[in-house]
Number of protein chains: 2
Amino acid sequence: MPASGHVPRLKDVAEAAGVSLSAASRILRGEVDRFGPETCDRVLAAAQKLGWRRNLLVSGMQTGRTKTVGVVIPPFDSFWVDVLSGVHSELATADYLPITIWVGDLHQMPHFEMDEAEGLKKISRLLDRRVDGLILWPSVGAAYYGHFRELVERNVPVAVIDHEYSEDRIADSIETDEEESARAVAQHLLTLGHRRIACLSSREVAGQSWAIRRRKFFERAVTSERGAQVKSWRLNEKGTNGLDVAAEILRDPLQPTAVFAVTDHEARLIYQAAERLRLRIPEDISVIGFADLDFAADLAPPLTTVRQRPVEIGRRAARLVLDRLDQADLADGPTTIRIPADLIVRNSTAPPRST
Amino acid sequence: MPASGHVPRLKDVAEAAGVSLSAASRILRGEVDRFGPETCDRVLAAAQKLGWRRNLLVSGMQTGRTKTVGVVIPPFDSFWVDVLSGVHSELATADYLPITIWVGDLHQMPHFEMDEAEGLKKISRLLDRRVDGLILWPSVGAAYYGHFRELVERNVPVAVIDHEYSEDRIADSIETDEEESARAVAQHLLTLGHRRIACLSSREVAGQSWAIRRRKFFERAVTSERGAQVKSWRLNEKGTNGLDVAAEILRDPLQPTAVFAVTDHEARLIYQAAERLRLRIPEDISVIGFADLDFAADLAPPLTTVRQRPVEIGRRAARLVLDRLDQADLADGPTTIRIPADLIVRNSTAPPRST
DNA sequence: GCGAGTTGTTCAAGTAGTTTACTTGGGCGA
DNA sequence: TCGCCCAAGTAAACTACTTGAACAACTCGC
């Protein structure tokens with residue numbers, strides 16, 4: 001049994017087995033056929049007994065590969081937990097480890113502000129640890145954009161979730177198929193008979209380009225139907241006026257019969273505003289959300305929403321990074337992968353009252 | 001601008017500034033007063049221009065400290081997200097980075113089974129990367145228990161959440177004050193007038209010692225009241241029979257007027273069973289949960305529960321590990337920190353119907 | 001007794017820096 | 001003009017290994 005407080009080194013193993021340092025190294029790396037079986041056993045046994053384990057810091061220095069991927073995500077909802085889960089499982093297949101950092105502040109969800117400088121400092125910590133690649137949620141695109149140059153120079157592959165950078169030929173991206181999903185949402189409402197429809201978007205700041213796309217595709221899909229109108233609202237920059245905007249929508253002269261909220265978080269705001277105004281869902285107003293967050297099915301009534309495939313998104317993001325690391329063929333430029341999503345019809349949508 | 005694909009080394013900086021390697025190293029580490037100010041500027045400028053950044057792998061090798069702490073948690077609910085958030089923020093103050101691995105499988109929540117061998121392999125990955133400390137959720141105590149010896153030998157401080165190991169003098173632990181919280185739950189129900197009370201525990205497997213403590217403290221608190229009775233149920237080993245057990249409770253000859261579920265997950269089962277049996281909450285049956293998970297307030301009716309302080313738990317766990325690393329005084333044995341929790345009264349509890 | 005194969009050895013260089021101990025050059029006082 | 005000191009800077013050893021090359025025993029068949 002080794003002395004407490006002493007981390008066993010290869011040297012200790014070699015001495016215990018009575019072989020040279022390099023022999024021990026080779027045997028433990030699996031170069032077994034150069035040595036007698038009895039010697040191999042001795043070395044393996046000694047390593048086992050001393051509790052020696054390979055020092056990946058050394059490998060990292062020598063090969064330039066640390067077998068880690070940095071992941072930068074916001075800290076809050078079940079969508080990101082699922083994404084992370086996908087990332088973990090895919091990276092594990094290649095014996096990679098994600099190192100996750102969280103930007104933004106918990107409990108200001110989902111409309112927290114991110115401190116750009118702080119975010120950059122955190123990414124720096126990842127790069128200082130020589131992560132082989134990065135998976136990013138680019139909350140403040142601009143802030144990270146400046147950093148991307150350095151990443152490209154260092155050949156650190158980057159995959160961005162829900163924010164398209166492929167036009168700039170800078171990073172791969174993975175996102176939900178916004179066009180198709182928005183069309184499905186619109187179709188659902190139109191089929192139910194709704195013609196006066198509201199859309200509650202998020203803050204639509206730089207890092208929320210998905211919200212803009214989602215809203216625009218939705219608007220386009222609704223207005224392509226003759227006689228249907230959309231009117232859109234959005235939260236303020238800090239996302240602090242959610243309830244007010246939700247109430248505003250419900251009292252608008254347009255008298256919308258349905259509201260599409262670009263995420264379930266905004267849908268929840270509509271629920272709250274509806275309760276205050278004593279409007280019933282779906283009798284007085286239909287509500288449809290997006291993301292199928294974990295609370296969606298437990299709302300009263302259960303929320304009709306669009307289920308994204310966060311686990312798959314996470315997996316694909318990880319795969320993208322791993323593939324770039326494997327091939328390192330800069331030849332083919334950045335790609336964008338679009339993942340489909342599924343409409344989940346629950347009880348918050350119904351035909352409008354005939355008035 | 002450096003050539004693409006070339007990670008700048010200290011050597012490059014030194015050459016660009018026209019100084020020796022060691023001079024560059026010293027200056028970049030802040031040992032400025034040993035050198036002429038003009039030389040310092042030259043080195044700093046060169047480092048900036050080349051985009052050089054310190055390689056923490058090297059520091060890790062040399063000092064034996066990687067400034068990382070491994071975190072092993074289950075992958076699912078908001079409690080653990082909050083714990084993780086606390087861990088992150090506390091570690092950040094010391095410029096440490098958590099490396100989080102998830103054991104267990106998503107979407108079997110909360111009753112997933114953990115593959116012991118897989119869990120050990122994952123911890124191995126952390127140790128191979130030479131994490132300085134560990135924060136553990138010991139799902140399968142036994143599996144990790146064997147590993148603890150190695151950790152002690154390596155002087156890797158360990159903090160365990162919600163599972164007391166301090167009796168074994170092996171690891172620090174942090175947990176919710178189960179005794180006080182269980183008493184508060186019992187008191188709340190007794191004060192409302194309930195006298196026939198059920199308790200739905202979790203699986204109570206080895207890694208869920210918190211569930212056992214929580215239930216026992218609750219039973220004790222209830223029975224200390226004259227005329228009050230408790231009857232307890234638990235889930236099966238795999239946690240697959242939740243709905244059945246919940247229904248069984250509601251149909252029990254005892255005719256309980258209130259149910260304490262040891263977590264909000266189990267409380268949700270009661271809600272589901274109640275709906276099937278057409279029992280109203282709280283009119284027919286009061287329900288009280290534990291944890292105040294993110295869905296608790298959105299249940300219908302909003303769930304009365306006990307709000308743990310997961311962010312604080314995470315913080316304290318991180319602090320414990322950091323303190324051990326700072327002092328390395330093995331002198332004082334493992335401690336257990338108990339964090340208080342707060343009863344949140346919502347609408348799922350009410351006085352029993354007078355029958 | 002010679003070459004060949006097996007089983008190891010030592011040596012040296014590499015990874016990206018940090019740190020100890022040293023050298024160099026100039027200015028200053030005696 | 002010698003000796004001394006200090007500022008400024010450097011060579012080399014060190015972290016824990018990996019890896020290629022050269023080489024040394026020993027055994028075996030021929």
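So that the names make sense, note that chain A is the first sequence line, chain B the second, and so on, each numbered from 1.
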Whole angstroms only, please: what is the [atom1]-[atom2] distance between [X] and [N]?
{"X": "A/Arg54", "N": "C/dT15", "atom1": "CZ", "atom2": "C1'", "value": "16 Å"}
{"X": "A/Glu38", "N": "C/dT7", "atom1": "CD", "atom2": "C1'", "value": "12 Å"}
{"X": "A/Gln62", "N": "C/dT15", "atom1": "CD", "atom2": "C1'", "value": "6 Å"}
{"X": "A/Met61", "N": "C/dT18", "atom1": "CE", "atom2": "C1'", "value": "11 Å"}
{"X": "B/Leu10", "N": "C/dT19", "atom1": "CG", "atom2": "C1'", "value": "13 Å"}
{"X": "B/Leu57", "N": "C/dT18", "atom1": "CG", "atom2": "C1'", "value": "15 Å"}
{"X": "A/Asp41", "N": "C/dT7", "atom1": "CG", "atom2": "P", "value": "13 Å"}
{"X": "A/Asn55", "N": "D/dT18", "atom1": "CG", "atom2": "P", "value": "9 Å"}

> Is any side-chain heavy atom of A/Val81 less than 4.5 Å from a side-chain heavy atom of B/Trp102?
Replying inline: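 Side chain of A/Val81 against side chain of B/Trp102, heavy atoms only: contact under 4.5 Å found.
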Carboxylate-amine/guanidinium contact [X] [Y], below 4.0 Å:
{"X": "B/Arg53", "Y": "A/Glu150", "value": "yes"}
{"X": "B/Asp132", "Y": "B/Lys67", "value": "no"}
{"X": "B/Arg34", "Y": "B/Glu31", "value": "yes"}

Check: With a 4.0 Å cut-off on heavy atoms, is A/Thr63 in touch with a base, just the backbone sugar-phosphate, or nothing at all?
Finding: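 Since no nucleic acid heavy atom lies under 4.0 Å of A/Thr63, the category is nothing.
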Worksheet item: Counting only non-hydrogen atoms, which of residues 17-33 of chain B are less than 4.0 Å from DNA chain C?
Response: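 Heavy-atom cutoff 4.0 Å gives B/Ser22, B/Ser25, B/Arg26, B/Arg29.
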- Query: When the nearest nucleotide of DNA chain D is assigned to B/Pro37 and to B/Val58 on a heavy-atom basis, which residue is associated with the more 5' position?
  - Reply: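 Per heavy-atom nearest nucleotide, the more 5' residue is B/Pro37.
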Checking side chain to side chain contact (heavy atoms under 4.5 Å, CB included) for the pair B/Leu57/A/Leu56: CA distance, chi angles, key distance, verdict? CA-CA 9 Å; B/Leu57 295 179; A/Leu56 283 187; over 6 Å; no
Given [N], is OP1 or OP2 found less than 4.0 Å from the side-chain N or O atoms of [X]?
{"X": "A/Arg130", "N": "C/dG17", "value": "yes"}
{"X": "B/Trp52", "N": "C/dA16", "value": "no"}
{"X": "B/Arg34", "N": "D/dA8", "value": "no"}

Geometric class of the A/Trp137/A/Trp80 ring pair [parallel <30°, tilted 30-60°, perpendicular >60°]: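 If you compare the ring of A/Trp80 with that of A/Trp137, the planes turn out perpendicular.
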*Looking at the side chain of B/Phe35, which of C/dA16, D/dC17, D/dG9 is the nearest nucleotide?*
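The nucleotide sitting nearest to the side chain is D/dG9.
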Would you compute the distance between atom CD1 of A/Ile161 and atom CD1 of A/Ile73 and round it to the nearest 0.5 angstrom?
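Taking CD1 in A/Ile161 and CD1 in A/Ile73, the distance rounds to 8.0 Å.
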